[in-house]
2 protein chains.
Amino acid sequence: MTQDELDTSVGYVLKRVQSALRAAMDAALREHGLTTPQYACLELLDQRPGLSNADLARGAFVSRQSMNVVLRGLEENGLVERPAQAAQGRALPVRLTAEGRERLRRAHADVFAIERRMVGVLDPERVALLRADLTRIAEGLGG
Amino acid sequence: MTQDELDTSVGYVLKRVQSALRAAMDAALREHGLTTPQYACLELLDQRPGLSNADLARGAFVSRQSMNVVLRGLEENGLVERPAQAAQGRALPVRLTAEGRERLRRAHADVFAIERRMVGVLDPERVALLRADLTRIAEGLGG
DNA sequence: TGCGTCATGTCAACATCCTGACATACCGTG
DNA sequence: CACGGTATGTCAGGATGTTGACATGACGCA
C-alpha cells in the first residue's frame with residue numbers, strides 16, 4: 001500500500017475505520033451472545049425506553065424490517081419486551097427487561113473499552129474536534 | 001433526538017456519517033449503472049492495475065468471496081478483464097478495460113463531488129487533521 | 001363527516017456479505 | 001528432495017439487509 005490518492009480520500013479512510021471498529025465490536029460482543037446491531041438496539045432502548053421499532057431502525061441506520069428481526073431475536077432471548085398490541089396508534093413501545101439491562105451493562109463495559117482504545121491514540125482536544133467535525137459532515141450529507 | 005451520551009460516542013457518529021455517505025454514493029452511482037463496491041473496485045484497479053481478487057478484497061474491506069461476485073459482475077459488463085489462468089501462482093491479475101476506464105472516469109466525477117460536498121463544511125486545515133486522526137485511529141484498531 | 005396524507009408493522013422476494021471448507025500453488029526450512 | 005506454513009481461488013450454506021407491497025391507524029383539512 002503506497003501513499004497515493006486513495007489515502008487522501010476521507011471517504012476511504014472513513015470506511016477503513018468503520019470496518020476495523022465493526023470487527024472489534026463483533027469480536028467483543030460475541031462473548032456476550034450479542035451482535036453489533038443487537039447491542040446498538042439495547043443501547044438505544046436504555047437511553048430512551050419505549051422507542052418503537054421504526055424509531056430504533058432510524059437510530060441504528062437500518063430499515064424497519066431489519067430492526068424487526070433484531071428485536072425478534074432480543075425478544076426470544078428475553079432481553080426485550082413489547083406489548084402484543086398498541087394501546088394507541090400502531091407503534092409498539094419496546095422496553096428492556098431486567099435481564100436485558102444486565103446483559104447490556106456487561107457488554108457496554110467491553111464496548112466502552114474499545115471506544116477508549118480507539119480515541120486513546122489521539123489528544124483529548126483532538127477527539128472533541130473529531131467528533132464535532134464528523135457531526136457537521138453527517139449533517140451536511142443529510143444524515 | 002436529544003444531545004445525550006449516545007452523541008458523545010465517536011463510534012456512533014462514525015456509523016452515522018458512513019451511513020449517509022453510503023446512501024449518497026449509492027444514489028449517485030446508480031445513474032452510472034454501478035454499485036458502491038463495484039466503484040471501489042474500479043478505483044482500486046485504476047490506481048494499481050493487476051491487483052488480484054484477494055488484493056482487491058483487502059483493499060475494499062470485504063471477503064474474497066464477496067469481491068469475487070463483484071468482479072464477476074464487472075467482467076460480465078466488460079469493464080474488467082482477467083486471464084483465464086494464472087501465468088504464475090494462483091493469483092489472477094485483474095485489469096480495467098477501455099470501457100471500464102471510461103465508466104470510472106464519469107462516475108468518479110460524481111463521487112468526487114460528494115467528497116467535496118462532504119468535506120466542504122469544514123475548514124481545509126481541519127480536513128487535514130480529520131484525515132490524519134482517522135488514519136491513526138484505524139491503525140490503532142488494527143485495520 | 002369524508003378524504004387524502006403520512007407513519008407504522010408486517011409479509012414476500014431478492015441482494016449482499018459472511019463463515020466454513022476444500023484443492024491448488026508458492027516458499028521457506030529441514 | 002520432502003514437508004509444513006501460507007496464500008489464492010472457489011463452492012456450499014447461512015446470516016443479514018434491502019426494496020416493494022400491503023393493511024391499519026392517526027391526523028389535518030375541506
Side-chain angles (χ1 to χ4, degrees), chain A residues 1 15-16 18-27 29-30 33-41 44 50-77 80-95, chain B residues 1 15-16 18-27 29-30 33-41 44 48 50-77 80-95 143:
Chain A
M1 277 285 186
K15 189 166 161 191
R16 182 182 168 194
Q18 213 266 345
S19 171
L21 176 59
R22 174 64 185 260
M25 289 187 60
D26 282 345
L29 289 170
R30 193 173 305 122
L34 291 173
T35 67
T36 298
Q38 282 178 334
Y39 171 80
C41 182
L44 282 165
L51 247 42
S52 71
N53 176 34
D55 290 331
L56 293 166
R58 278 187 292 269
F61 312 105
V62 296
S63 65
R64 280 171 294 164
Q65 295 86 338
S66 295
M67 182 52 72
N68 203 5
V69 321
V70 171
L71 277 178
R72 233 172 274 214
L74 290 173
E75 216 170 1
E76 288 175 2
N77 290 17
V80 140
E81 61 186 0
R82 49 179 168 178
Q85 57 187 21
Q88 183 252 6
R90 295 204 73 194
L92 300 173
V94 187
R95 295 187 177 277
Chain B
M1 279 283 186
K15 190 167 161 189
R16 182 181 168 197
Q18 214 266 345
S19 172
L21 175 58
R22 174 64 184 258
M25 287 187 62
D26 281 345
L29 289 170
R30 194 173 304 122
L34 290 173
T35 67
T36 298
Q38 283 178 334
Y39 171 80
C41 182
L44 282 165
R48 311 211 189 91
L51 246 44
S52 72
N53 176 33
D55 290 330
L56 293 166
R58 278 187 291 269
F61 312 104
V62 296
S63 65
R64 282 171 294 163
Q65 295 86 337
S66 294
M67 182 52 72
N68 203 7
V69 319
V70 171
L71 277 178
R72 234 172 274 213
L74 290 172
E75 216 169 359
E76 287 174 3
N77 290 18
V80 139
E81 61 185 0
R82 50 180 167 178
Q85 57 188 21
Q88 182 253 5
R90 294 204 73 192
L92 300 174
V94 187
R95 296 186 176 278

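Throughout, protein chains are lettered first and strands after them, A, B, ... in sequence-line order, and every chain is numbered starting at 1.
We find that CZ of B/Arg90 is positioned 11 Å from P of D/dC11, with the value rounded to whole Å. Rounding to whole angstrom units, CZ of residue B/Arg82 and C1' of D/dG9 are separated by 9 Å. Between B/Leu51 atom CG and D/dA7 atom P there is a gap of 16 Å when expressed in whole angstrom units. Rounded to a whole Å, the CD atom of B/Gln85 is 15 Å from the C1' atom of D/dT8. One can place CZ of B/Arg22 at 18 Å from P of D/dT16, the figure rounded to the nearest angstrom.
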### Task
Run the numbers on A/Leu51 and A/Val94 for side chain to side chain contact (heavy atoms under 4.5 Å, CB included), then give the verdict.
CA-CA 6 Å; A/Leu51 247 42; A/Val94 187; 5.9 Å; no

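Between A/Arg95 and A/Gly50, the shortest heavy-atom distance links the atoms NH1-N, 3.9 Å. Counting all heavy atoms, side chain and backbone alike, B/Ala40 lies closest to A/Lys15 at CB-NZ, 4.1 Å. Taking both residues in full, the closest heavy atoms of B/Pro83 and B/Pro93 are given as CD-O, 3.2 Å, listed atom of the first, atom of the second, then distance. When all heavy atoms of B/Leu44 and B/Gly59 are compared, the pair lying nearest together is CD1-C, 3.9 Å. A/Pro37 and A/Arg22 get closest at one heavy-atom pair: CD-NH2, 3.8 Å. The shortest non-hydrogen separation linking B/Ala86 to B/Leu92 is N-CD2, 3.3 Å.
Close approach of DNA chain C to chain B, defined as any atom under 4.0 Å from a non-hydrogen atom of the protein, starts and stops at C/dC17 to C/dC26.
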Anything under 3.5 Å between a donor and an acceptor, one on a side chain of residues 68-76 of chain B, the other on a protein residue two or more places apart or in another chain? List them.
| unit_1 | atom_1 | unit_2 | atom_2 | d |
| --- | --- | --- | --- | --- |
| B/Asn68 | OD1 | B/Arg82 | NH2 | 3.2 |
| B/Glu75 | OE1 | B/Arg82 | NE | 3.3 |

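Nearest-nucleotide assignment on DNA chain D puts the 5′-proximal partner with A/Val62, out of A/Gly89 and A/Val62. Nearest-nucleotide positions on DNA chain D for A/Phe61 and B/Pro93 put B/Pro93 closer to the 5' end.
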Name the pairs: protein N/O against N/O of nucleotides 19-22 of chain D, kept only if under 3.5 Å.
| unit_1 | atom_1 | unit_2 | atom_2 | d |
| --- | --- | --- | --- | --- |
| D/dT19 | O4 | A/Gln65 | NE2 | 3.4 |
| D/dG20 | O6 | A/Gln65 | NE2 | 2.6 |

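Rounding to the nearest 0.5 Å places CG of B/Asp26 at 9.5 Å from CG of B/Leu21.
Of all the residues in residues 67-75 of chain A, A/Asn68, A/Arg72 reach under 4.0 Å from DNA chain C with at least one non-hydrogen atom.
In this structure, the side-chain contact (heavy atoms from CB on, under 4.5 Å) partners of A/Ala20, at least two apart in sequence or on a different chain, are B/Leu141. Residues satisfying the side-chain contact (heavy atoms from CB on, under 4.5 Å) test with A/Ser19, not counting sequence neighbours, are B/Phe61. Every side-chain contact (heavy atoms from CB on, under 4.5 Å) that A/Asn77 has, sequence neighbours left out, goes to A/Leu79. By the side-chain contact (heavy atoms from CB on, under 4.5 Å) test, B/Ala54 pairs with B/Ser52, B/Arg58, B/Arg64, sequence neighbours left out.
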## Note on the structure
With both pairing distances under 3.5 angstrom for Watson-Crick or G-U wobble, and | for a partner in another strand, the correct string for DNA chain D is ||||||||||||||||||||||||||||||

